[in-house]
Colleague: 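My structure is below; once you've seen it, I'll send some questions.
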Amino acid sequence: MPRVHWWLSSLTSILMVAQLAPIAEAKSINPSVPEAKALGFDSTETSKSLNVAVDSQGSEDDPYLGQSPRSQVATIEAIDITVEGNRVLIRADRPLDQRSYWDRSTLAYQIEIRNAQLSRDFQRPDASDSEAISWIRTEQADSNTVMVRVMPAPQVSIGEINQPSPSLLSLELNGYQARGNLAAPNLGANLSNQRDLGDIPDGQIVIVLDPGHGGRDPGAIGIGGLSEIDIVNPMSHRVRDLLEEQGVRVIMTREDNRTMDLQPRVELANRVNANLFVSLHANAISMSRPDVNGIETYYFQTGEQLARTLHSSLLDATGGPDRGVRTARFYVLRHTQMPAVLLELGFVTGSQDARRLADPEYREVLSQAIARGILQYVRQHCPGRFC
Ligand SMILES: [Zn+2]
């Protein structure tokens, strides 16, 4: 039986490859695209992104291509999927040299990293935390080649591979639309009429604030090198100060710039029995989409009202653009036992947002809007100690 089964599955693989081969050969200019179409990623956006990725491979101004001395093999220490689930980060101890393409046999997007080895305590990524990725596999293909294969989820296209630093590769996944609708306009209208807001009893309300990135994870990198970490870290501290002035107890998932996995953040919030969990992020799409700007607020199940209150407060303070309140199965939203939201405060890749987010005065506006929204929610929904 096992032999027959083996034979059948081999035959199936051969047939799949045989079916694909003529399609791939029919268009030789950019062999990546037909596979992408075969996978159902047939959109202008996809083709455009793929072209960008393919074109960038051999560009003359890539400082890392072919320059790492053969004797210095890079050690790949970790591959992480970002909190938002829309980027894969590959981290090493030396400059990385990669090429990437659609792999015909697995039908996945393949990143071939030459002159590299997996670290002995290499951390494998967990695709179950990302809706944008069906699966991700890493292997030491030969003594100094590492292969990373990523199968994007349906409707998701592979975007650019950026190299925020020589030893860090960032693969963008585009087109991931969290479920849910754009916010109804006017959603904050009835909130601003609430006048009779009570005081918050000192120290009885506990908020866990989560600066979305830190340590070896810089988050998104955008226009002019603006990084997510440079935005959300100072803002988290400012929001904490503003809330503590009002008698709210704030616990940060990280006080310093250390790396924090998702699980300990959630465990912390659950352990201290926090009333609310708020994660701060800045968004990114592609460097070729400076036209995409705006604020998005995410929740999962219990966080909807908190999300709407915070989103409304942010839009009131900044004027938008409004990219909506949405649901998403982000890890920190799914596993927290209290109302939890994830704020995407603007796009580091957006021309309008990047300019504003780089400005400390604008970040102050955002910080105040977040603190105001949290206080408003607490006053309305947390009588006594319960939200
Ligand atoms: Zn983020």
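Note that ligands are numbered from 1 as they come in the structure, with each ligand's atoms numbered from 1 the same way. Small disclaimer: the values here were computed from a predicted structure and weren't measured.
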Colleague: Using the ring of W135 (Phe, Tyr or Trp, six-membered ring only), decide whether R137 places NZ or CZ under 6.0 Å from its centre and within 45 degrees of its axis.
Modeller: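 Relative to the ring axis of W135, which defines the angle, R137 lies inside both limits.
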
Colleague: E296 pairs by side-chain hydrogen bond (donor to acceptor under 3.5 Å, both in side chains) with which of H281, H311, R323?
Modeller: R323

Colleague: Is any protein N, O or S atom closer than 2.8 Å to the Zn ion (ligand 1), and if so, which?
Modeller: E84 OE2, H213 NE2, E228 OE2, H281 ND1

Colleague: Checking R372 now: which residues fulfil side chain to side chain donor-acceptor pair (under 3.5 Å) with it, not counting sequence neighbours?
Modeller: none

Colleague: Which one of R124, R149, M147 satisfies the side chain to side chain contact (heavy atoms under 4.5 Å, CB included) criterion with T138?
Modeller: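 The single option meeting the side chain to side chain contact (heavy atoms under 4.5 Å, CB included) with T138 is R124.
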
Colleague: Which atom names give the shortest non-hydrogen contact between T349 and A284, and what distance separates them?
Modeller: OG1-CA, 3.6 Å

Colleague: How long is the span from the CG atom in L169 to the CG atom in L89, to the nearest 0.5 Å?
Modeller: 9.5 Å

